[in-house]
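All remarks here apply to the structure that follows.
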Amino acid sequence: MQQNELDKIFDECCMKHGICSHEVLRDRGSDSSSNVDRSKMMRKASFKLSWWCKGENGDQHKHDIVSFEKGNITTAERSSKQISLKWESDPQTVLILTKPNSVSVRILCAQMVRWLKEKKKLNIYVEPRVRAELLTESSDFNYVQTWKDDQEILLLHTKVDLVITLGGDGTVLWAASMFKGPVPPIVPFSLGSLGFMTPFHSEHFKECLDSVLRGPVSITLRHRLLCRVIRDAAKNEYETEEPILVLNEVTIDRGISSYLTNLECYCDNSFVTCVQGDGLILSTTSGSTAYSLAAGGSMVHPQVPGILFTPICPHSLSFRPLILPEHVTLRIVVPFNSRSPAWASFDGKDRKQLAAGDALLCSMAPCPVPTACQVDSTSDFLSSIQDGLHWNLRKTQSFDGPRELQDIIQI
Ligand SMILES: NC(=O)c1ccc[n+]([C@@H]2O[C@H](COP(=O)([O-])OP(=O)(O)OC[C@H]3O[C@@H](n4cnc5c(N)ncnc54)[C@H](O)[C@@H]3O)[C@@H](O)[C@H]2O)c1
Ligand SMILES: Nc1ncnc2c1ncn2[C@@H]1O[C@H](COP(=O)(O)OP(=O)(O)OP(=O)(O)O)[C@@H](O)[C@H]1O
């Protein structure tokens, strides 16, 4: 494609016809018109995301979510419809991420790499550890690519059309954590025990990948939270550590301390409450079925935009969990009268100590995690809560009274 044609696409695309891949996958850092960045994007497959609704033209997407015409407030279009991905050019490069220390994952990975290379002629990236494992198996895997340092990981989203995960939910979280900006569509195969976010069955990997590579495929756009730790020693709010993105949740807890946590919580500068208990979970709706669920939070469909505010073992009779709207910024402060520091952890990892005076800021992140669905976002969510969590499993009540008596009661 010529440079001027590419420029035209960038300039013309206005989301009138859906969300196009270069809009979803472009990050601010590469907004410059440098030829280097553009040529990298040209290597990527192009796809289009559109709202999909049974019986409606999937290409229709109105921008006016709420209309105030003639003083009447109506909701013209809802923001979280089912989304469908259609490839506009063929995907060429896949990244396969695997859970470590699993023999079955290792075997499947080798089979998948061979099939994707031989039958689909795709370029394949894996982690350095996995490339080494493949090469110990056979030097034929020489064509498999990897990276040398973190700088290259930052550029992966410009090269990779599709990410395949082989593992459980932890591997999906791992995949999401590798992309600090835009995330390519993820196809999660289930090789764990629960697999709430991994709807694809590894036994049928060829049929599944055939169908995803052909498209269209239903997508769940999973929201992430952007977290920043602000140290009391910092001179101003902008002097923060690297922001951290979470797909499930950020947890602020008492760590090894035996004292109650004491956390002051603010929402857009309004005081919300003080958490006195084991801690607090700020969760995405995807994470609502993980730790937040165990702490008594509601289960929420992953495409509902919102932030769950779920206390952990609060020492109070009336502290119910909340769900806050997507646009708020939460600020959790460890006050100076706190008896001990608190600890923040991000998707269950990377624990950071929060000393008195430190704060954690949390808001919705701009780049969601698109995961491919087996059926569609709602069917997959319902299957997961039913099959994975056995939601509302109960023996069906039977009727064993005499039929005649029942008839008499009805008269
Ligand atoms: N008491 C708890 O329930 C508890 C405690 C600590 C961590 N966790 C969760 O574990 C997550 C980290 O997962 P991991 O696999 O790296 O650790 P892990 O191996 O300890 O697995 C935690 C379990 O949570 C499940 N899980 C993860 N994300 C989920 C989601 N979005 N919906 C439903 N189930 C989900 C996993 O399938 C696994 O069974 C954290 O983000 C946290 O939500 C839960
Ligand atoms: N590519 C990877 N590199 C390093 N660690 C990883 C990678 N993929 C997954 N992990 C970590 O390995 C652990 C186990 O992964 P995962 O949850 O996917 O498998 P599992 O525990 O068998 O699944 P389940 O939780 O459903 O039983 C997680 O803590 C996850 O963060």
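Numbering of ligands and ligand atoms starts at 1, following listing order. None of the values given here were measured: they were computed from a predicted structure. No hydrogens, no waters, no symmetry mates; every other heavy atom, side chains included, goes into these values.
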Decide if atom CG of D150 counts as having more than 12 heavy atoms of other residues, nucleotides or ligands within a radius under 6.0 Å. no
Any protein heavy atom lying closer than 4.0 Å to atom 7 (C) of ligand 2? yes
Does atom 21 (O) of ligand 2 have any protein heavy atom closer than 4.0 Å? no
Please determine, by modelled atom types, if [X] and [Y] share a side-chain donor-acceptor pair under 3.5 angstrom.
{"X": "N123", "Y": "T93", "result": "yes"}
{"X": "S283", "Y": "S292", "result": "no"}
{"X": "T371", "Y": "R222", "result": "yes"}
{"X": "N142", "Y": "R131", "result": "yes"}

If you count only heavy atoms, which residues are under 4.0 Å from ligand 1? D169, G170, L173, L194, F196, M197, N248, E249, S286, T289, A290, Y291, A294, D347, G348, K349
Subset of ligand 2 atoms that lie under 4.0 Å from at least one heavy atom of S193: 23 (O), 24 (P), 26 (O), 27 (O)
Using a strict 4.0 Å cut-off to heavy atoms of G192, name the atoms of ligand 2 that fall inside it. 22 (O), 23 (O), 26 (O)
Could I get the full list of side chain to side chain contact (heavy atoms under 4.5 Å, CB included) partners for S384, not counting sequence neighbours? F196
Proximity of T98 to ligand 2 by residue part, where a heavy atom lies under 4.0 Å: backbone
Heavy-atom distances under 4.0 Å decide this one: backbone, side chain, both or neither, for L97 against ligand 2? neither
